[in-house]
Amino acid sequence: MHKKRVLSGVQPTGALHLGNWLGAIRNWVDLQKEYETYVCVVDLHAITVPHDPKKLKENTLSTAALYVACGMDPEQCSIFVQSHIPAHSELCWLLNCITPLNWMERMIQFKEKAIKQGDNVSIGLLDYPVLMAADILLYQADLVPVGEDQKQHLELARNIAQQRFNSRFGNEDFPILKVPKPLIIKDGAKIMSLCDGENKMSKSDPNENSRITLLDSPELIRKKIKKAKTDQHFGLEFGNPSRPEADNLLRIYSIVSGKKRETVEEECSNIGWGKFKPLLADAIISSIEPIQIKYNNLRKDPEELNQILSEGAKKASMLSNSTLQKIKTAFGFFQKTYI
Ligand code: AQP
């Protein structure tokens, strides 16, 4: 029996943070055991907002190295860089030509990111979900792990595959593109900003104290946790809507310490913020220490990382080119008959 296929990725828009790890990469580590797993560093997506060309390469390498350091095993999955596979951009163009503009204008993430950029909004930002659809459909992924924030984009990929492509260019009995399903992560953790419990932790937040990155030193982690927003109450509790910061920090503590929610509730309901914060900082530091050791070792050996990305790209290239050819044939393109 063939394993089902899963595809996912993170944008190299900055140092990966606790949210990227706990909400995404940590789950992929389990998925790779059960599914044929492809994970890419989505660098083409990273330029849909203004970016610094001096940092893109380093962010791409550090993201790939962090995948491995967090437990993605190149023997069990394929790790590659999106821009190394030209089929992604090519399919994006083809899908652009069959995707209605009004579908794109409804995308919540576009509206949210566009507001922040005023007059600087690029067509690429509007097109972000079509590129994501191209990523997924090229690999004929059965499942895509998604958090709440990406559900709308996956729905768009499904609609493009089914309503705009298969039904127009395929045959009902033999659809050309697989329509991917969302893989809802059981304990999908949405990690919120350290400065505002109602906003998600994000790489692009201009306030660096809002996030803990996987490469922060222990001293920096202690400093950021010390500065994290608190409230006036004594004792910490989960799930109180008027105390989003307490809920967020307790959830982080429970995951990184490996303690059950009930145990954490019991431990923290009778202590104040002053006592809790050092416990949380220690738990975060110990949980990411093994990741940092593995990361530093890998970055000392550029050849090894190169090899991992080259192997990943070979597998990705084979699969994606085969899908692209089928799509181009269905579109009716004149196929190259000369060398
Ligand atoms: N705060 C978060 N909590 C849980 N999961 C999160 N993810 C991101 N932030 C959190 C998950 O990480 C994966 C990759 O995210 P991405 O970098 O491709 O895009 P993003 O969701 O836009 O992440 P950022 O950090 O907010 O990046 P910027 O600031 O560049 O836009 C996704 O699976 C996402 O759910």
Side-chain angles (χ1 to χ4, degrees), residues 6-31 37-52 55-56 59-60 62-64 66-67 70 72 79 81-83 88 107-117 121-122 124-125 128-129 131-133 135-136 141 143-154 157 180 182-208 210-215 228 244-245 247-249 251-252 254-256 284:
V6 160
L7 177 119
S8 205
V10 174
Q11 302 179 78
T13 35
L16 300 195
H17 51 68
L18 279 184
N20 298 129
W21 178 39
L22 302 178
I25 303 170
R26 182 179 62 122
N27 302 310
W28 306 346
V29 174
D30 294 331
L31 296 177
T37 304
Y38 286 78
V39 288
C40 54
V41 181
V42 288
D43 54 348
L44 295 171
H45 278 103
I47 63 162
T48 57
V49 291
H51 78 286
D52 181 349
K55 291 188 181 155
L56 185 59
N59 285 341
T60 301
S62 75
T63 302
L66 276 171
Y67 286 178
C70 287
M72 294 311 289
I79 302 172
V81 177
Q82 183 191 32
S83 68
H88 289 251
M107 295 291 119
I108 296 164
Q109 185 181 286
F110 170 71
K111 291 187 203 162
E112 285 173 355
K113 289 198 171 174
I115 288 173
K116 289 188 200 151
Q117 289 177 45
V121 180
S122 69
L125 186 64
Y128 178 115
L131 179 58
M132 180 168 154
D135 299 341
I136 298 166
L143 296 160
V144 181
V146 278
E148 216 34 64
D149 53 334
Q150 291 293 344
K151 270 192 190 156
Q152 198 188 25
H153 290 168
L154 183 64
L183 183 68
I184 307 293
I185 302 298
K186 273 197 290 328
D187 88 65
K190 185 165 181 190
I191 304 300
M192 311 311 277
S193 156
L194 298 181
C195 303
D196 174 359
E198 285 176 314
N199 259 320
K200 81 165 190 165
M201 186 177 284
S202 190
K203 289 183 238 93
S204 55
D205 190 323
N207 184 353
E208 292 196 1
S210 67
R211 59 184 167 270
I212 302 242
T213 87
L214 296 181
L215 300 177
E245 286 77 24
D247 181 70
N248 184 41
L249 296 187
R251 283 188 304 107
I252 296 176
S254 164
I255 304 173
V256 296
I284 294 174

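Counting starts at 1 for both ligands and their atoms, following the listed order. Along the sequence shown, the residues carry numbers beginning at 1.
What you find for Met201 and Arg211 is that their closest heavy atoms are CG-CB, 3.4 Å. Residues Met132 and Leu154 approach most closely at CE-N, 4.4 Å, considering heavy atoms. Annotation for Ile191 and Leu22: closest pair CD1-CD1, 4.0 Å, computed over non-hydrogen atoms.
A donor atom on one side chain and an acceptor atom on the other are found under 3.5 Å apart for Ser83 and Asp43.
Protein residues with a heavy atom closer than 4.0 Å to ligand 1 are Gly9, Val10, Gln11, Thr13, His17, Gly19, Asn20, Gly23, Ala24, Lys113, Asp149, Ala189, Lys190, Ile191, Lys200, Met201, Ser202, Lys203, Ser204, listed by chain and number.
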Legend entry - Lys203/Val10 under side chain to side chain contact (heavy atoms under 4.5 Å, CB included): CA gap, chis, key distance, verdict: CA-CA 11 Å; Lys203 289 183 238 93; Val10 174; 3.9 Å; yes
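Within a 6.0 Å radius of CD in Gln109, other residues, nucleotides and ligands contribute more than 12 heavy atoms.
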